[in-house]
A.B. asks: 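One structure coming up, written as structure tokens, with questions to follow.
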Amino acid sequence: MSWLIKSSIGRKVIQSISGLFLILFLLFHMSMNVVLIFSHETYDFLANEILGANWWAIVGTLIIGLGVGVHIIYAIILTLQNWKARGRDRYASKSKTPVAWSSKNMFVLGVFIALFLIVHMYQMWYQMQFKDLFGMEGVRHDGAQLVVDVLSQTWVLIAYVVAFIALWFHLNHGFWSALHSVGWNNDIWMKRLKRLGYFVSTLIVLGFIVVAIAVHFGYSNLLA
Amino acid sequence: MDKDINIKVKVWRQNGPKEKGRFETYELKNISQGSSFLEMLDILNEQLVNDGKIPVAFDHDCREGICGMCSLYINGHPHGPDGEITTCQLHMRSFDEGDTITIEPWRSAGFPIIKDLVVDRTAFEKIMQAGGYVSVNTGGIPDANAIPIPRDKAELAMDAAACIGCGACVAACKNGSAMLFVAAKVSQLALLPQGKPEAARRAKSMVAKMDELGFGNCTNIGACEVECPKNISISNIARLNREFLKAKLKD
């Protein structure tokens, strides 16, 4: 299986599979957030199950962390190799080839999302699972209230929405590109996959944005 | 109507592979818009020779868009601003009076510069030698006609076979990737019964050679497909990925 890391196509497969896995995670994460709008109690129950100090929560977190880690490491490897492959001298004239903006800026978008992730992990995961695991003070078991506290700040809401928009561009190219890299594409499926990618990225990002805005303006826990 | 135009050309000049290059700007008067881009460069070179200067080196051969020899990155486009043609098919009517045209060589680690606008594209030959062929004689035309091939497969193979190996895909790619070229060469044979028996070996060795020669990793931007003078589709890249992964998983 060394071809996975030694060949260009193998490295892309690693990037694709980790990316597709993260899309599945995002779909779950978005669904989980939607619960917040309806019931804080249900949200807290679920959050303590998956973000507590249970063994399954730890395993789940490690698997997702591995997915994120692999995706970032391979993004760096691929980008550096591609930078080198471009040669020492660069074009003086700017490329005029019309291509999708997101496709050329996947790494930049990824860096931006990673920076957001650091803030986000500190605000949520660190306060809940991390502090719980290491028996630190100030552990939050009231996930819903924590989200409400954090998102009530205007700068947080703005930062989150901007990051979600970056995520939308990233997923828009990432979805069909990942399937293309594992070989699942042709002239007919190209249109379908691009449209499906558009749908999936919009669904995920719209879910995130709607929940963030609703929580900020106090429209959560509506069924309580 | 075609007019005679006065233009400036900003050309990359580099004396040798290891020398430092620079841009030189030349003025050209009364260039007919009916002349081809390469004829314009011929006029420039005549002017340079008459002035006792060294002419600009550029690749060209058939001048009818099938040999794949001409190159040039013109105003931010491989093969110039017009679509679906090679540089030799580009005409001066794509430019206007007073334009400054920037002409650069293909830029990629896989295609080192030899002189001025000429780059070394033997990397493509090496990739072909790694497996871009059918090893056994497949017989004459009557034999080929006796093998039934579905029409859609034949069409796809023919579309892939239109690749002239000019390297515009690499020149257009932000990653310096040669995937469109390799994908076309793998596809044209993998789609036909004559190429099937060696398909797995071909995909593996051509990709290995491509990686070894320092071409980048494809990130599915699609610039190659847009700039390809022969309209090779990036669907071929998905097919190459498929062929390669199938071959590796079978091992």
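Keep in mind it's a predicted model, so treat the numbers as computed, not measured. Numbers restart at 1 for each chain; the letters A, B, ... are given by sequence-line order, proteins then strands.
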A.B. asks: Could you check whether any side-chain heavy atom of S177(B) comes within less than 4.5 Å of a side-chain heavy atom of N82(A), counting everything from C-beta outward?
C.D. replies: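 S177(B) vs N82(A): side chains apart.
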
A.B. asks: Tell me, for P81(B) versus chain A, whether the close heavy atoms (under 4.5 Å) come from the side chain, the backbone, both or neither.
C.D. replies: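 Neither part.
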
A.B. asks: Which bit of F111(B) comes within less than 4.5 Å of chain A, counting heavy atoms only: side chain, backbone, both or neither?
C.D. replies: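 Interface part for F111(B): neither.
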
A.B. asks: What option among P98(A), A92(A), S7(A), G10(A) has the most heavy-atom pairs under 4.5 Å with chain B?
C.D. replies: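 Ranked by heavy-atom pairs under 4.5 Å with chain B, first place is A92(A).
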
A.B. asks: Before giving the answer on side-chain contact (heavy atoms from CB on, under 4.5 Å), spell out for L4(A) and K248(B) the whole-Å C-alpha distance, their side-chain angles and the decisive distance to 0.1 Å.
C.D. replies: CA-CA 9 Å; L4(A) 264 177; K248(B) 286 291 184 187; over 6 Å; no

A.B. asks: Might you confirm whether atom CD1 of I188(A) has over 12 heavy atoms from other residues, nucleotides or ligands at distances under 6.0 Å?
C.D. replies: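 For I188(A), atom CD1 is not crowded (no more than 12 foreign heavy atoms under 6.0 Å).
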
A.B. asks: Within the 4.5 Å heavy-atom criterion, are H173(A) and N220(B) side-chain neighbours or not?
C.D. replies: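 Side-chain contact under 4.5 Å: yes.
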
A.B. asks: Between N241(B) and V182(A), is a side-chain contact (heavy atoms from CB on, under 4.5 Å) present by the stated rule, with each step listed?
C.D. replies: CA-CA 6 Å; N241(B) 291 334; V182(A) 296; over 6 Å; no

A.B. asks: Just give me the residue among G216(B), S108(B), G222(B) that pairs up with chain A most often, heavy atom to heavy atom, under 4.5 Å.
C.D. replies: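 Heavy-atom pairs under 4.5 Å are most numerous for S108(B).
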
A.B. asks: Mind checking whether M106(A) and T219(B) have side chains closer than 4.5 Å, heavy atoms only?
C.D. replies: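 M106(A) vs T219(B): side chains apart.
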
A.B. asks: Which word best sums up how the rings of W3(A) and F244(B) line up, parallel for under 30°, tilted for 30 to 60°, or perpendicular for over 60°?
C.D. replies: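 If you compare the ring of W3(A) with that of F244(B), the planes turn out perpendicular.
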
A.B. asks: Are N186(A) and S235(B) linked by a side-chain donor-acceptor pair shorter than 3.5 Å?
C.D. replies: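 The answer is no; no qualifying pair exists.
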
A.B. asks: Would you mind checking which part of R11(A) comes under 4.5 Å of any heavy atom in chain B, side chain (CB onward), backbone (N, CA, C, O), both or neither?
C.D. replies: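 Side chain of R11(A) only, per the 4.5 Å heavy-atom cut-off to chain B.
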
A.B. asks: Taking side chain as everything from C-beta outward and backbone as N, CA, C, O, which of these in R90(A) sits under 4.5 Å from a heavy atom of chain B? Side chain, backbone, both or neither.
C.D. replies: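 Backbone only.
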
A.B. asks: Within a strict 4.5 Å, meaning less than it, do heavy atoms of the N217(B) and Y74(A) side chains meet?
C.D. replies: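 Counting from C-beta outward, N217(B) and Y74(A) never come under 4.5 Å.
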
A.B. asks: Please check this pair: side chain of K96(A) against backbone of N75(B), looking for a donor-acceptor N/O pair closer than 3.5 Å.
C.D. replies: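 It does hold such a pair.
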
A.B. asks: Using heavy-atom distances under 4.5 Å, tell me whether C173(B) contacts chain A through its side chain, its backbone, both, or neither.
C.D. replies: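 Just its backbone gets close to chain A.
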
A.B. asks: Between T102(B) and Y91(A), is there a side-chain heavy-atom distance shorter than 4.5 Å?
C.D. replies: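 No; the side chains remain at least 4.5 Å from each other.
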
A.B. asks: With a 4.5 Å limit on heavy-atom distance, are the side chains of T79(A) and N175(B) in contact?
C.D. replies: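 Not in contact.
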
A.B. asks: Between I234(B) and chain A, with a heavy-atom cut-off of 4.5 Å, which part of the residue counts as in contact: side chain, backbone, both or neither?
C.D. replies: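 Interface part for I234(B): both.
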
A.B. asks: Sort W83(A) into side chain, backbone, both or neither according to what part of it lies under 4.5 angstrom from a heavy atom of chain B.
C.D. replies: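 Interface part for W83(A): neither.
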
A.B. asks: For K94(A), which atoms come within 4.5 Å of any heavy atom of chain B: side chain, backbone, both, or neither?
C.D. replies: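 K94(A) touches chain B through backbone heavy atoms alone.
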
A.B. asks: Mark yes when over 12 heavy atoms from residues, nucleotides or ligands other than Q153(A) sit less than 6.0 Å from its CD; otherwise mark no.
C.D. replies: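 Yes, because the 6.0 Å sphere around CD of Q153(A) holds more than 12 heavy atoms from other groups.
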
A.B. asks: Heavy-atom cut-off 4.5 Å, strictly under: side chain, backbone, both or neither for I113(B) against chain A?
C.D. replies: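 For I113(B), no heavy atom lies under 4.5 Å from chain A.
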
A.B. asks: Would you indicate whether F23(B), at its atom CZ, is surrounded by more than 12 heavy atoms from other residues, nucleotides or ligands within a distance under 6.0 Å?
C.D. replies: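 Yes.
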
A.B. asks: Distance only, no hydrogens: is a donor on one side chain within 3.5 Å (strictly under) of an acceptor on the other, for D187(A) and S233(B)?
C.D. replies: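 Judged by distance alone, the side chains do pair up.
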
A.B. asks: Using non-hydrogen atoms and a 4.5 Å limit, figure out which bit of A223(B) sits close to chain A: side chain, backbone, both or neither.
C.D. replies: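 When you check distances to chain A, atoms from both the backbone and side chain of A223(B) fall under 4.5 Å.
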
A.B. asks: Chain A heavy atoms under 4.5 Å from F215(B): which part of the residue, side chain, backbone, both or neither?
C.D. replies: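 Backbone only.
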
A.B. asks: Who among S95(A), G87(A), S8(A) has the most heavy-atom pairs with chain B under 4.5 Å?
C.D. replies: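 It is S8(A).
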
